[in-house]
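Read through the structure below, which is laid out as structure tokens, and then see the notes.
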There are 2 protein chains.
Amino acid sequence: MKRTSLAGDGCPVARALDVFGDWWSLLIIRDASLGRRRFGEFQESLGLAKNILASRLRTLVERGILKMVPASDGSVYQEYVLTPKGRGIFPILVALRQWTEEFDEHPDEIATIMVDRDNGKPVKKLALYSQDGRVLDAAATMLKPRPAKRKRVTA
Amino acid sequence: MKRTSLAGDGCPVARALDVFGDWWSLLIIRDASLGRRRFGEFQESLGLAKNILASRLRTLVERGILKMVPASDGSVYQEYVLTPKGRGIFPILVALRQWTEEFDEHPDEIATIMVDRDNGKPVKKLALYSQDGRVLDAAATMLKPRPAKRKRVTA
DNA sequence: ACATCCGGTTTAATATTGCAACTACACAAG
DNA sequence: CTTGTGTAGTTGCAATATTAAACCGGATGT
């Protein structure tokens with residue numbers, strides 16, 4: 001009864017979840033984007049079992065979200081840092097955060113807010129825009145079959 | 001060794017994941033936002049076990065993401081539709097989708113693109129803005145402790 | 001030389017998942 | 001009235017994943 005893989009699915013949402021849609025991966029990525037890099041840092045911050053952490057780090061590296069780099073402090077160990085592909089997950093973290101800020105039942109339990117580093121002001125809410133600058137909600141969008149990429153039909 | 005709950009966590013990302021951070025919930029929400037409403041529709045679309053679907057629908061209803069409404073077609077059955085809290089998840093789905101579009105190794109396997117219903121043009125990429133309109137990446141942001149909401153200190 | 005830290009792996013108990021079979025109800029046909 | 005069909009689940013069991021805790025091996029500190 002293997003956990004069904006979504007990797008072959010045509011839906012881009014499912015494909016993303018296949019990569020980091022489990023309980024811990026996104027939290028590891030969140031920690032990494034906050035500057036944590038060491039096995040021990042992740043483990044202490046997240047409080048998950050070490051075998052699971054090891055396993056998650058391994059697959060995140062395999063999938064190009066994290067990469068291992070030699071010790072920044074001269075020690076023998078490795079550190080885990082986000083690749084560009086991993087940093088690309090940032091908007092997803094922001095969207096999750098903002099959803100909680102807007103809808104959580106106990107907003108008083110939210111510990112932090114995200115601010116602009118330059119002036120300390122809260123960031124704006126994410127919004128989806130059309131090419132001509134209107135804000136779109138779900139009902140204003142549609143899914144279209146992806147146009148097939150034609151392979152050098154020229155000539 | 002119960003699956004650790006993130007509900008009490010101060011991190012808003014963790015709190016969101018606690019609500020719909022498991023393998024299937026977000027896909028159910030995606031389907032719901034595409035207009036699917038019936039148990040059987042979800043089950044056929046997702047191909048998951050019926051007991052799991054029943055369990056996920058139950059908790060999504062409990063948590064105010066979905067609500068059950070009486071049959072829209074006059075039948076005896078119930079349907080599951082998104083609440084406003086559930087519709088608020090839309091930006092997260094968009095962010096996931098766009099991440100795959102940008103970083104997936106096999107973009108040719110992505111079946112659909114999201115377009116503006118009004119003119120059929122692709123939507124813009126989500127971006128995080130500062131109050132004064134600059135685009136912010138992760139490095140340009142910071143987390144600040146949430147300012148305590150003071151309770152009527154006046155007088 | 002000895003203890004400790006770091007980054008894991010191994011083990012065993014427990015929880016969750018998946019499949020398939022079964023139930024319950026409404027409705028329709030014969 | 002009896003049988004059949006569709007929908008929406010529940011139940012039981014086997015397979016797999018998660019967890020906590022013990023263990024391990026190489027560096028480092030004293």
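Convention: sequence-line order gives letters A, B, ...; per-chain numbering from 1. All values derive from a computational prediction rather than experimental measurement.
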Nearest-angstrom distance from the residue atom OH of A:Tyr80 to P of C:dC6: 15 Å
Student check: side-chain heavy atoms of A:Trp24 and A:Leu53 closer than 4.5 Å: no
Where protein sits on nucleotides 21-30 of chain D, one letter per nucleotide: B base, S sugar-phosphate only, - none, heavy atoms under 4.0 Å: -----BSS--
Presence of B:Trp24 side-chain N/O under 4.0 Å of C:dG18 phosphate oxygens OP1/OP2: yes
Phosphate-side-chain proximity, A:Arg38 and C:dC6, N/O vs OP1/OP2 below 4.0 Å: no
Minimal non-hydrogen separation, B:Leu93 against B:Ser33, with atom names: CD1-OG, 3.9 Å
Same apolar cluster (I L V M F W Y, side chains within < 4.5 Å links), B:Phe103/A:Ile28: yes
Side chain B:Glu41, main chain B:Ala32, donor-acceptor under 3.5 Å: no
A:Arg117 versus B:Thr141, closest heavy-atom pair with distance: NH2-O, 3.2 Å
Residue pairs passing the side-chain hydrogen bond (donor to acceptor under 3.5 Å, both in side chains) test where at least one lies in residues 84-96 of chain B, sequence neighbours excluded: A:Glu105-B:Lys85
Interface with DNA chain C, restricted to residues 52-64 of chain B and to heavy atoms under 4.0 Å: B:Ile52, B:Arg56
Interatomic distance, B:Leu46 CG vs C:dG18 P [rounded to whole Å]: 11 Å
Nucleic acid contacts of residues 14-21 of chain B, taken as heavy-atom distances under 4.0 Å to DNA chain C: none
Heavy-atom neighbours of B:Lys125 NZ exceed 12 at 6.0 Å: yes
Side chain to side chain donor-acceptor pair (under 3.5 Å) partners of A:Arg134, counting only residues at least two apart: A:Asp132, B:Asp116, B:Asp118
Sugar-phosphate, base or nothing in reach of A:Phe42, heavy atoms under 4.0 Å: nothing
Distance, rounded to the nearest Å, where A:Asp73 contributes CG and C:dG7 contributes C1': 14 Å
Heavy-atom side-chain contact between B:Phe39 and B:Tyr77 under 4.5 Å: no
B:Arg97 bridged to B:Glu101 by N-O distance under 4.0 Å: yes
Set of residues satisfying side chain to side chain donor-acceptor pair (under 3.5 Å) with respect to B:Asp31, sequence neighbours excluded: B:Arg36, B:Ser45
A:Leu48 CG - C:dG7 P separation (whole Å): 14 Å
Rounded distance in Å - CD (A:Gln43) to P (C:dC5): 14 Å
Integer-rounded Å distance: D:dT18 C1' and B:Asp22 CG: 15 Å
Rounded distance (Å) that lies between atom C1' of C:dC5 and atom CD of A:Glu41: 14 Å
